[in-house]
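Encoded as structure tokens, the structure appears first; notes follow it.
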Amino acid sequence: DTGVSQDPRHKITKRGQNVTFRCDPISEHNRLYWYRQTLGQGPEFLTYFQNEAQLEKSRLLSDRFSAERPKGSFSTLEIQRTEQGDSAMYLCASSPRVAGEETQYFGPGTRLLVL
Amino acid sequence: QQQVKQSPQSLIVQKGGISIINCAYENTAFDYFPWYQQFPGKGPALLIAIRPDVSEKKEGRFTISFNKSAKQFSLHIMDSQPGDSATYFCAANTGNQFYFGTGTSLTVIP
């Protein structure tokens with residue numbers, strides 16, 4: 001399967017713990033996005049990478065959230081000191097570097113539950 | 001502030017009927033409007049997309065109608081099938097950001 005993969009698929013943690021999620025984009029895609037989706041809502045943009053550079057961050061991304069994309073390949077999203085309000089589906093998407101091609105390919109998501 | 005407003009929130013259609021989902025936006029900088037289909041437990045999957053220089057785009061049973069002056073666009077699913085039952089999201093893109101609607105839960109009754 002050459003699609004976007006995310007790991008883990010599910011995570012249950014206690015409030016105050018740190019969690020880290022991984023996203024492996026489609027190999028030739030240089031653009032990578034993180035979104036958060038809560039029940040009954042559409043995905044909300046969190047951050048965007050072009051290669052290894054983090055070019056945009058949403059105001060939703062508090063200081064407890066950090067994302068990296070070393071070497072422009074896989075990406076990690078870390079949430080420190082988790083809160084119950086962080087419970088959501090975290091989606092990763094990638095997009096190819098083709099002029100005029102904005103199609104995003106989403107992974108299956110990581111569902112986080114903070115107890 | 002919701003950049004893209006989507007309606008209805010839920011929709012029930014008989015098999016063979018037409019499903020219509022509407023979206024509206026305000027930001028004229030948006031230049032790419034995709035529709036995504038999402039099944040429970042899965043990530044969204046691109047269904048069809050349109051640019052504002054085109055008023056209609058059709059792919060199989062799926063059609064996007066785009067009204068630039070009204071800043072509205074809609075998804076039409078012809079001959080709706082039970083397998084189309086899913087949540088549909090419209091989105092709008094400018095630069096590196098995508099803004100999604102709140103979703104429409106479609107149920108197609110056999």
*Let me know if A/E56 has heavy atoms under 4.5 Å from chain B in its side chain, its backbone, both or neither.*
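Side chain only.
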
*Checking heavy atoms, do the side chain of A/E44, its backbone, both or neither come under 4.5 Å from chain B?*
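No part of it gets close to chain B.
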
*Which residues in residues 64-96 of chain B have any heavy atom lying under 4.5 Å from a heavy atom of chain A?*
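Listed by number: B/F89, B/N93, B/N96.
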
Check whether [X] reaches the backbone of [Y] with its side chain - one donor and one acceptor, N or O, closer than 3.5 Å.
X: A/Q6; Y: A/C92; answer: yes
X: A/R31; Y: A/Q50; answer: no
X: A/R81; Y: A/R64; answer: no
X: B/N27; Y: B/A29; answer: yes

*Tabulate, in ascending numerical order, the residues of residues 106-115 of chain A having at least one heavy atom closer than 4.5 Å to a heavy atom of chain B, or enter 'none'.*
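Within residues 106-115 of chain A, the residues that come under 4.5 Å of chain B (heavy atoms only) are A/F106, A/G107, A/P108.
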
Carboxylate-amine/guanidinium proximity below 4.0 Å for [X] and [Y]:
X: B/K5; Y: B/E26; answer: no
X: A/D24; Y: A/R22; answer: yes
X: B/K57; Y: B/E59; answer: yes

*Select one option (side chain, backbone, both, neither) describing which atoms of B/Q38 are under 4.5 Å from chain A's heavy atoms.*
side chain

_Atom group of B/P34 that falls short of 4.5 Å from chain A, counting heavy atoms_ = neither

_Once you measure the plane-to-plane angle for B/F100 and B/Y36, does it fall in the parallel (<30°), tilted (30-60°) or perpendicular (>60°) bin?_
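The arrangement is tilted - the two ring planes meet at 30° to 60°.
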
*Mind checking whether A/Y48 and A/Y33 have parallel, tilted or perpendicular rings, split at 30° and 60°?*
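Tilted.
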
*So, A/Q37 versus A/Y35: side-chain donor-acceptor pair below 3.5 Å or not?*
no

_Is it true that A/S94 and A/Q104 share a donor-acceptor pair across their side chains at a distance under 3.5 Å?_
no

*asked:* As a quick check of understanding, evaluate side chain to side chain donor-acceptor pair (under 3.5 Å) for A/E68 and A/Q54, giving each step before the final call.
replied: CA-CA 8 Å; A/E68 294 181 342; A/Q54 187 174 20; over 6 Å; no

*asked:* Please rank A/S58, A/A93, A/G42 by heavy-atom pairs under 4.5 Å with chain B and give me the top one.
replied: A/G42

*Pick from B/P44, B/G41, B/G103, B/G43 with the largest number of heavy-atom pairs that fall under 4.5 Å of chain A*: B/P44

